[in-house]
Each structure stands twice: as structure tokens, then as C-alpha cells.
Amino acid sequence: MKALLVCEVREGKLLDASYELLTFADKLGAEKVAVLVGSDGSVPQFDGRVYLADAATLGEYNPAAHKAAVLAAVEKEQPDVVVLCHSSYGWDLAPRLAAALKAGQVTEIVALVDGGFEVGCCNAKMRRQVRPAGGKAVLTVQAGAFAAAAPQGTPQVERIDVAADGQGLTFGGYEPAEAKAVDLGRAEIIVSAGRGIGKKDNVAVIEALAKAFGGELGASRPVVDAGWVDHSRQVGTTGQTVSPKLYVACGISGAIQHLAGMKKSDFVVAINKDKDAPIGEVADVLVVADVLQFAPVLTAALQK
Amino acid sequence: MKLLVCIKQVPDLESRFKPAADGLWFDDNDLAWRLNEYDEYAVEQAVQLKEQLGGEAELTVLSIGPDRVVEAIKKALAMGADKAVHVQDSAAHQKDPWQIASIIAAYAREQGFDLIFTGMQSQDRGSAQVGVLVAELLGLASATTLVGFSYADGVVQAKRELEGGLKGLVSLRLPALVTCQLGLNTPRYPTLPNIMKAKKKEIRPIPVADLLKEESLAPTTSFYAPARKGGGLVLEGEPSETALKLVNILKEKTAVLR
Ligand SMILES: Cc1cc2nc3c(=O)[nH]c(=O)nc-3n(C[C@H](O)[C@H](O)[C@H](O)COP(=O)(O)OP(=O)(O)OC[C@H]3O[C@@H](n4cnc5c(N)ncnc54)[C@H](O)[C@@H]3O)c2cc1C
């Protein structure tokens with residue numbers, strides 16, 4: 001078994017998540033070969049071969065050119081699987097590769113089960129096993145599901161040259177994240193509001209609870225998208241990563257992208273009316289209740 | 001300008017899921033169904049573009065699935081789509097993303113759409129493959145995970161959401177396809193007059209066999225609930241008692257409450 005690992009570079013730097021691909025390949029028992037569009041300074045450190053296409057000429061985001069670069073490496077190596085991170089880069093590029101190779105794609109793998117790939121579905125409530133039908137397969141792996149390998153060794157670098165045809169698409173650079181008005185990263189206690197609070201007026205109920213705890217208000221994404229809470233309080237992959245001593249999730253289902261931002265919390269309390277909500281998997285205590293009824297009672301109990 | 005939006009009907013994610021008899025997907029009895037959230041943003045963006053373009057745009061909505069998906073189609077029509085295609089397939093849930101994309105591409109290829117919108121993924125399967133596969137099959141430029149969109153003179157200016165709040169700016173020359181992410185816009189609620197108007201709009205049925213020529217490349221082989229780690233404590237019951245229990249646990253187990 002041979003795995004071609006598609007590493008990721010952003011603003012000139014290799015992303016650490018690329019090292020998760022090495023771990024995944026080891027778990028598969030596969031020989032590892034890497035490919036990336038980057039520079040000499042951004043190749044992953046491991047004892048193996050690396051195909052390097054030049055980001056300075058191709059651009060960091062140019063899907064058609066990146067596809068061509070990976071396909072050139074596929075041509076040379078004939079891997080059984082092409083593996084990417086399930087990231088904004090990976091989920092954008094993977095289907096392009098799968099289409100070109102007419103290969104089955106498996107998205108967001110969380111585990112390997114005797115020959116099958118396990119993926120989450122139904123908002124992490126259920127799991128599926130997928131077994132690609134012969135030939136090559138294109139895989140994306142869930143962030144954090146396979147702990148990153150330590151950078152180790154010196155790769156043999158081989159350059160690949162492909163044309164930089166953008167196929168109608170032009171990359172115009174990055175827009176930086178908005179400055180954070182609130183640094184949730186330092187908060188010891190965070191009480192977060194999820195969509196389960198129902199409407200904007202109810203944010204006050206969660207705010208009151210946060211205050212009774214002496215903590216900060218956080219939020220899941222739908223609450224932010226709806227404009228109920230400021231973006232600087234969003235917890236998750238596209239919000240802030242937090243590690244408080246206590247995290248209280250109010251009416252939050254526990255989607256992967258939310259968990260990614262709060263799973264380093266020391267102690268997690270979830271308040272959810274659904275006993276099966278996936279947040280229960282990471283909660284030290286799951287209170288099965290209507291948060292709008294329960295939060296005021298808890299607030300009062302804390303104030304005593 | 002010809003616009004297409006691809007939509008999927010999904011179950012309410014707050015439902016309890018249990019495997020169906022075939023063990024490959026969930027049992028779809030007793031579920032409430034709705035329009036995939038990501039697709040709502042796609043429909044809204046397409047309708048906004050149609051409004052911007054005035055009379056010269058025509059917006060088609062397409063959905064693959066059993067009879068019930070007509071409900072999702074009607075919602076999109078009531079939001080402002082002009083007409084619809086229902087690819088009739090009672091076994092759509094067994095198709096992999098490659099097959100679903102092939103069906104859409106087979107339809108779209110004949111129609112020559114200038115711009116296609118899809119959600120970035122479905123809420124139930126979460127494969128995030130169909131949109132880009134359709135674009136690749138049709139040879140269109142495409143960009144994923146849009147949280148910003150504007151259009152002028154044959155070019156889409158888009159903002160892609162990357163990790164940690166960073167955004168990637170891209171421009172796409174038509175014909176093109178974009179996949180839409182949460183927060184791209186605020187989807188409108190269909191008004192009663194628009195719901196009534198939608199009833200008169202055309203929904204063209206096409207049997208899936210007319211469009212599907214591909215075998216599955218990534219079949220599901222089993223479907224089940226994740227093994228419960230079962231570490232956490234579950235508290236149920238009367239709120240005031242539960243609240244006291246919780247406060248005591250926090251005092252005992254954490255350093256934040258004393
Ligand atoms: C690329 C990408 C990036 C993303 N980034 C983020 C991110 O940074 N942060 C983030 O949070 N999400 C992010 N998401 C979205 C994520 O997938 C989920 O959609 C989101 O986290 C769901 O938020 P929620 O749990 O508040 O809402 P829902 O999933 O709708 O859950 C609501 C919960 O509330 C419960 N509930 C309802 N009513 C009550 C009540 N009265 N009392 C108690 N409980 C109740 C329900 O049982 C349910 O569990 C991202 C998604 C994508 C695709």
C-alpha cells in the first residue's frame with residue numbers, strides 16, 4: 001500500500017496538520033510519499049520522498065494548478081490512496097483529484113476499521129463505513145483525529161513543473177481575521193450559547209448565567225451568523241480555540257467544528273434537551289433539560 | 001443568464017437516528033424533513049443575483065430524491081426560483097457523491113447554465129464533494145465555502161472561508177460553480193403570496209434512470225451509532241434539584257467554584 005500525502009502551505013508556512021497525514025499513513029500501514037505546492041522552506045520533515053511544486057509561480061490557491069501538480073506526482077508514484085486534510089484546502093482540492101482520477105472519495109475520516117474508513121454523519125450522531133470500489137481512492141482526514149507526527153528526518157525533494165492555468169479562477173490574496181474584541185483564549189470560565197436558545201432575546205439568559213459564574217459569554221456559529229452575538233465570541237474552527245477550566249455549552253449540539261474549538265476545556269457541562277446530542281460525548285456532565293428553564297434556576301443557585 | 005441551484009432535503013438533525021433494515025443508512029420513518037441549511041444560503045444567493053440582474057436571469061432549482069423532496073423544491077420556488085427539476089429517485093440515499101454529481105452534470109450539460117450554486121455540504125452526509133464534482137464534470141471554474149459573493153460583468157468576486165477567521169479572496173469568470181457556507185447571507189422566509197405563486201411554477205419530473213450512467217465509486221458498507229464512551233454523568237429531573245447537584249459537582253471537581 002502506498003499513500004500520497006498532500007501537504008498544505010499557507011502564507012509560506014507548512015501547516016502542522018500535514019503531520020497528521022503521516023500518522024494516518026502509518027496507521028494504514030502505507031509507504032509515505034508527500035507532495036506540496038510550497039517552497040524549500042516549507043517541506044515536511046520526514047524520511048521519505050517529497051514532490052515539490054513552486055508556490056511562487058503557481059500561487060497558494062490555484063486549484064487547477066494544484067490539481068495538476070498532485071496528478072503529476074500520482075503519475076510518477078501510482079499510489080493506492082491520495083490523502084488530504086479535511087480543511088478548506090483539502091475539501092476544495094480532493095473532489096478535483098477524485099474527478100480527474102475517477103476515484104472514489106471518502107470525506108472526513110475519523111478512524112480506520114479493518115479495511116474500511118469510518119466517517120461521521122448526521123451532525124456526528126451516527127457513523128458510516130465506506131469502502132472505495134477498487135482502484136485509487138482520494139481521502140480526507142478529520143482534523144485532530146490522527147495526532148500529528150513529530151517532524152523527523154530529511155526528505156528527498158524532487159521538483160515538479162506544471163503550468164499555472166487558473167481555469168477561470170484568480171486568487172486575490174487573504175483577508176486577515178478581524179481583530180478580536182474579546183480574547184476567550186484566556187478566560188477561565190466560558191458559558192456558550194447555541195442555536196438551542198431559540199432567539200436573540202434569550203442571549204440575556206445565558207449572559208446572566210455567565211455572569212453568575214464570573215465567566216465570559218461564548219457562542220456557537222449559528223448564533224453569531226444570526227447576529228445575536230458578536231463574532232469575536234465564536235468558539236470553533238472558524239472562531240476561537242479556547243481552553244478554560246470550565247466550559248458550559250447551552251443548547252449546542254456538538255458539531256465537529258464547534259468541538260474543535262473547545263475540546264481542550266478542563267471540565268465541560270452541557271445543557272441540552274436532547275440526551276443523544278453529540279456534545280454528550282465530550283461533556284463531563286450532561287444536564288438533560290430545556291436550557292431556558294434550567295439556566296435561570298442554575299443562575300439563582302450560583303448566586304446563593 | 002441561466003442560474004441553477006442544487007438542493008437536498010435532509011432530516012431534522014435533532015432527530016433520533018436508527019439504522020434502516022439494510023444497515024446502510026438511517027430509517028427514514030417518522031423524521032421531519034427540511035431544506036439542507038447550506039442550500040438555503042445557496043438559494044438565497046441565487047435569488048439575490050436574479051434580483052440584481054432584473055429580467056434577464058432565469059433561476060432553476062434541482063433536487064434528487066423521492067416524492068417528499070418536492071416540499072424542499074417548493075420552498076426554493078417560494079423563495080424566488082422560477083422553475084424546478086425533480087429527479088425522481090426513491091433510492092437517492094444509496095447513491096454516492098460521484099453518482100449524484102453525475103446525475104446533476106448530465107442534466108446541466110444540456111442546459112448550459114452560466115452559474116451553479118450548491119451548499120458546501122449536506123447536513124446529513126457531510127461529504128462536501130457534490131458541488132466541486134459537478135464543476136469538474138462540466139469543466140467549470142469553481143470555488144468552495146463562500147461567505148462572500150458579488151457579481152458584475154461576467155465575474156464573480158467571492159470570499160472563501162478558511163480556518164481561524166482568515167478568508168481567501170477569489171474571482172471566477174463565468175461559467176462557474178460556487179458552494180455556499182453558513183453565514184453567506186440571511187435566507188428569506190417565503191411570504192404567503194410567494195408560497196401561493198410558487199404553486200403555479202413548473203416542477204419537471206425526470207426519472208433518475210434517464211440521467212444516471214455511473215456506478216458507485218465509494219459505497220457505504222455499514223451505518224451505526226458511535227460507541228458511547230459513556231464517561232460523562234447525565235443529570236435529569238427537576239431543575240432546582242439538578243442545579244444543586246450540578247453546583248456540588250462543580251465545587252468538588254473543579255477549582256472554579258468554591
Ligand atoms: C467549514 C465549517 C466551519 C464551521 N465553523 C464553526 C465554528 O467555528 N463554530 C461553530 O460553533 N460551528 C461551526 N460550524 C458549524 C457547525 O457545523 C454547526 O452547524 C454548529 O456548530 C451548530 O451550532 P449549534 O450547536 O448551536 O446548533 P445546532 O446544531 O442546531 O444545535 C442546537 C442544539 O440545541 C438543542 N436544543 C434546542 N432547543 C433547546 C432547548 N430549549 N434547551 C436545550 N437544548 C436545546 C438541540 O437539541 C441541539 O442539540 C462550521 C461549519 C463548517 C462547515
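Proteins get letters first, then strands, A, B, ... in listed order; numbering begins at 1 in each. Given the structure is predicted, the values throughout are model-derived calculations rather than measurements.
- Taking OG1 of B:Thr254 as the reference point, atom CG of A:Asp284 lies at 10.0 Å (rounded to 0.5 Å).
- Using a 4.5 Å cut-off between heavy atoms, A:Ala124 contacts chain B through its backbone alone, with no side-chain atom that close.
- Of the residues listed (A:Val106, A:Val138, A:Thr107), the one engaging B:Gln129 in a side-chain contact (heavy atoms from CB on, under 4.5 Å) is A:Thr107, and it is the only one.
- With no hydrogens or angles considered, a side-chain donor-acceptor pair links B:Glu163 and A:Ser88 at under 3.5 Å.
- Considering CG of B:Leu235 and CD1 of A:Ile271, their distance stands at 10.5 Å, rounded to 0.5 Å.
- For chain A, the option among B:Gly165, B:Ser222, B:Ala158 with the highest count of heavy-atom pairs below 4.5 Å is B:Ser222.
- For chain A, the nearby part of B:Val147 is the side chain; its heavy atoms alone come within less than 4.5 Å.
- In this structure, the side chains of B:Leu13 and A:Cys122 come closer than 4.5 Å at one or more pairs of heavy atoms.
- Of the atoms belonging to A:Asp92, heavy atoms from both backbone and side chain fall under 4.5 Å from chain B.
- Proximity to chain B is limited to the side chain of A:Val269, based on heavy atoms less than 4.5 angstrom apart.
- Listed options A:Asp276, A:Asp274, A:Leu15 were ranked by heavy-atom pairs under 4.5 angstrom with chain B; first place goes to A:Asp276.
- The shortest side-chain heavy-atom distance between A:Leu246 and B:Leu257 does not fall under the 4.5 Å cut-off.
- Among B:Gly164, B:Gly237, B:Gly168, the residue making the largest number of heavy-atom pairs under 4.5 Å with chain A is B:Gly164.
- Heavy-atom distances place no part of A:Ala143 under 4.5 Å from chain B, backbone and side chain included.
- A donor-acceptor contact shorter than 3.5 Å links the side chain of A:Lys125 to the backbone of B:Ser15.
- Taking B:Glu161, B:Lys245, B:Lys159, B:Glu215 one by one and counting their heavy-atom pairs under 4.5 Å with chain A, the maximum is reached by B:Glu161.
- For A:Lys102, the parts lying near chain B are the backbone and the side chain together; criterion is any non-hydrogen pair under 4.5 Å.
- Taken from OG1 in A:Thr238 to CG in B:Leu182, the straight-line distance is 8.5 Å, to the nearest 0.5 Å.
- In this structure, no portion of A:Phe117 lies under 4.5 Å from any heavy atom of chain B.
- A salt bridge is absent between B:Glu14 and A:Arg195: the closest approach of a Lys/Arg side-chain nitrogen to an acidic carboxylate oxygen does not fall below 4.0 angstrom.
- For a residue to count as touching a neighbouring chain, one of its non-hydrogen atoms must lie under 4.5 Å from one of that chain's; by this rule A:Phe267 touches chain B with the side chain only.
- Between A:Arg221 and B:Glu37, no side-chain nitrogen of the basic residue sits less than 4.0 Å from a carboxylate oxygen of the acidic one, so the salt-bridge criterion is not met.
- Proximity of A:Asn123 to B:Gln123: side-chain heavy atoms (C-beta onward) are nowhere separated by under 4.5 Å.
- Here the closest non-hydrogen pair linking B:Ala143 and A:Leu169 is CB-CD1, 4.3 Å.
- A distance of 7.0 Å separates CZ in A:Phe171 from CG in B:Leu169, rounded to the nearest 0.5 Å.
- Taking every heavy atom of both residues into account, B:Ala218 and A:Gly104 meet most closely at CB-CA, 4.1 Å.
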Walk me through it: do B:Asp124 and A:Cys121 pass the test side-chain contact (heavy atoms from CB on, under 4.5 Å)?
CA-CA 6 Å; B:Asp124 55 357; A:Cys121 55; over 6 Å; no

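- No side-chain heavy atom of A:Glu281 sits under 4.5 Å from any side-chain heavy atom of B:Pro226.
- Residues A:Arg10 and B:Leu162 are in side-chain contact: their nearest non-hydrogen atoms beyond the backbone lie under 4.5 Å apart.
- The distance from atom CZ of A:Arg128 to atom CZ of B:Phe223, rounded to the nearest 0.5 Å, is 8.5 Å.
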side-chain contact (heavy atoms from CB on, under 4.5 Å) for A:Trp91 and B:Gln121? Distances and angles first, verdict last.
CA-CA 10 Å; A:Trp91 68 61; B:Gln121 62 183 20; over 6 Å; no

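- Per-residue heavy-atom pair counts under 4.5 Å with chain A were compared for B:Ala141, B:Gly139, B:Ser240, and the maximum is reached by B:Ala141.
- Neither the backbone nor the side chain of B:Leu174 comes within less than 4.5 Å of any heavy atom in chain A.
- Residue with the most contacts toward chain B among A:Gln167, A:Lys245, A:Gln105: A:Gln105 (heavy-atom pairs, distance under 4.5 Å).
- Of the atoms belonging to A:Leu298, heavy atoms from both backbone and side chain fall under 4.5 Å from chain B.
- One finds the CD atom of A:Glu108 at 9.5 Å from the OG atom of B:Ser127 (value rounded to the nearest 0.5 Å).
- Neither the backbone nor the side chain of B:Ser122 comes within contact range of chain A; no heavy atoms are under 4.5 Å apart.
- Interface residue B:Ser142: backbone and side-chain heavy atoms are both found under 4.5 Å from chain A.
- Residue B:Ala225 touches chain A through both its backbone and its side chain, counting heavy-atom pairs closer than 4.5 Å.
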